Asker: 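Just passing along the structure, written as structure tokens.
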Amino acid sequence: MTVRVGVIGAGWIGQEHIRRLTETVTGAQVTAVTDIDPARAAEAAEPVGARVLPDGAAVVAADDVDAVLVTSWGPTHAEHVLNAIAAGKPVFCEKPLATTAEDCLRIVEAERAHGRRLVQVGFMRRYDAGYRRLKQVIDSGTIGEPLVVHCAHRNPTVPESYHTDMAALDSAVHEIDVLRWLLDDEIVSAQVVLPRSTSKRFEHLTDPQIMLFETAKGVRIDLEVFVNCQYGYDIQCEAVGEEGLVRLPDPAAVGVRTAGRHSTAVLTDWVGRFVDAFDTEFREWIAGIAAGNEPSGPSAWDGYAATVISNATVEARKTGRIITTDMKPRPAFYGGTD
């Protein structure tokens, strides 16, 4: 079966996923594209033989669209995802699922009313080989019960449009999702500590930030978000348990010995670091749809949790207080006990 995909949003990430679905993933065909800029939609659609449609609603309703990919501006996500659920079509939504907890809950309730999972949220780290091995070790009990997790999320630089809230909403949100998954635990509070800011930042930006989280089981997490570190794109994660620790491996790189030095390269952007994870994510999504299965990746509930926790982290920074996340109870539909 070929899964016909309609794409809503033809910016950089939309175009990258169109390329991925066309050139890398087996069993997928992009048949429709829309964007707020019709010329950009045409530019993305023409090379793959897709139609340009006037808006997201038209893409969702199209007879030649079996599944929907949402890569538009974040505040529009809820509308498109809700339309896809109403049409009974699987929908992959790049993060955020929605920008407010209320809109996320609307999606959750719509999907529950539909009675079958349709929504997957684009948290690609769950598909990274290193993170998957990390989870295997934690789940096996090899290091005992997790006690502490140390993380770092570093970018060499960010554009002037990047603002302080984005450290939580755009950067740390990936750790928030993957740590909930790794630990099979819920984050119940957030705190932010602000060290001296780097001189390499734009004046409006507070950078770095240290984010402290506590889980329902009492695990303590510290996360350094430093988006102007200069030296490269560097993702670190180390879980400390009662009987040992496990550390996320750095990407494979050759060691070079020359002129009295031993060096290895450091990646400089997130695309190179997680390209294989993106490919795996979409291969599994398309294969699941073709087999008639519900999506197995991050759910609408995971999208809700990530939005609640990242928003709480922003509030914690602004107020200087420890903020409880106050999430709703997880429904049985998403593996909860209500």
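As the structure is a prediction and not an experimental result, all values here were calculated from the model.
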Asker: Report yes or no: do Thr268 and Tyr231 form a side-chain donor-acceptor pair below 3.5 Å?
Answerer: no
Asker: When rounded to the nearest 0.5 angstrom, what distance separates NE2 in His114 from CD1 in Ile85?
Answerer: 8.5 Å
Asker: So, Gln136 and Tyr131: side-chain donor and acceptor under 3.5 Å apart, yes or no?
Answerer: no
Asker: Which distance, rounded to the nearest 0.5 Å, do you find between the CG of Leu82 and the CD of Glu109?
Answerer: 11.5 Å
Asker: Taking the basic N atoms (NZ, or NE/NH1/NH2) and the acidic carboxylate oxygens, is any pair closer than 4.0 Å for Asp279 and Arg20?
Answerer: yes
Asker: Any salt bridge (charged side-chain N to carboxylate O under 4.0 Å, His left out) involving residues 267-277? Give me the pairs, sequence neighbours left out, ordered by first then second residue.
Answerer: Asp128-Arg273
Asker: Calculate, to the nearest 0.5 Å, the distance between atoms NE2 and CZ belonging to His17 and Phe92 respectively.
Answerer: 5.5 Å
Asker: Taking only Lys NZ, Arg NE, NH1 and NH2, and the carboxylate oxygens of Asp or Glu, determine whether Arg201 and Glu203 approach each other closer than 4.0 Å.
Answerer: yes
Asker: Is it the case that Asn228 and Gln230 place a side-chain donor and acceptor less than 3.5 Å from each other?
Answerer: no
Asker: Using 0.5 Å steps for rounding, measure from the CG atom of Asp250 to the CG atom of Asp234.
Answerer: 6.0 Å
Asker: Once rounded to the nearest 0.5 Å, what's the spacing between atom CD1 of Ile107 and atom OH of Tyr304?
Answerer: 12.5 Å
Asker: Decide, yes or no, whether a salt bridge links Lys328 with Glu186 under the criterion of side-chain N to carboxylate O below 4.0 Å.
Answerer: no
Asker: Ring centroids only, cut at 6.0 angstrom: are Tyr127 and Phe282 within range, meaning strictly under it?
Answerer: no
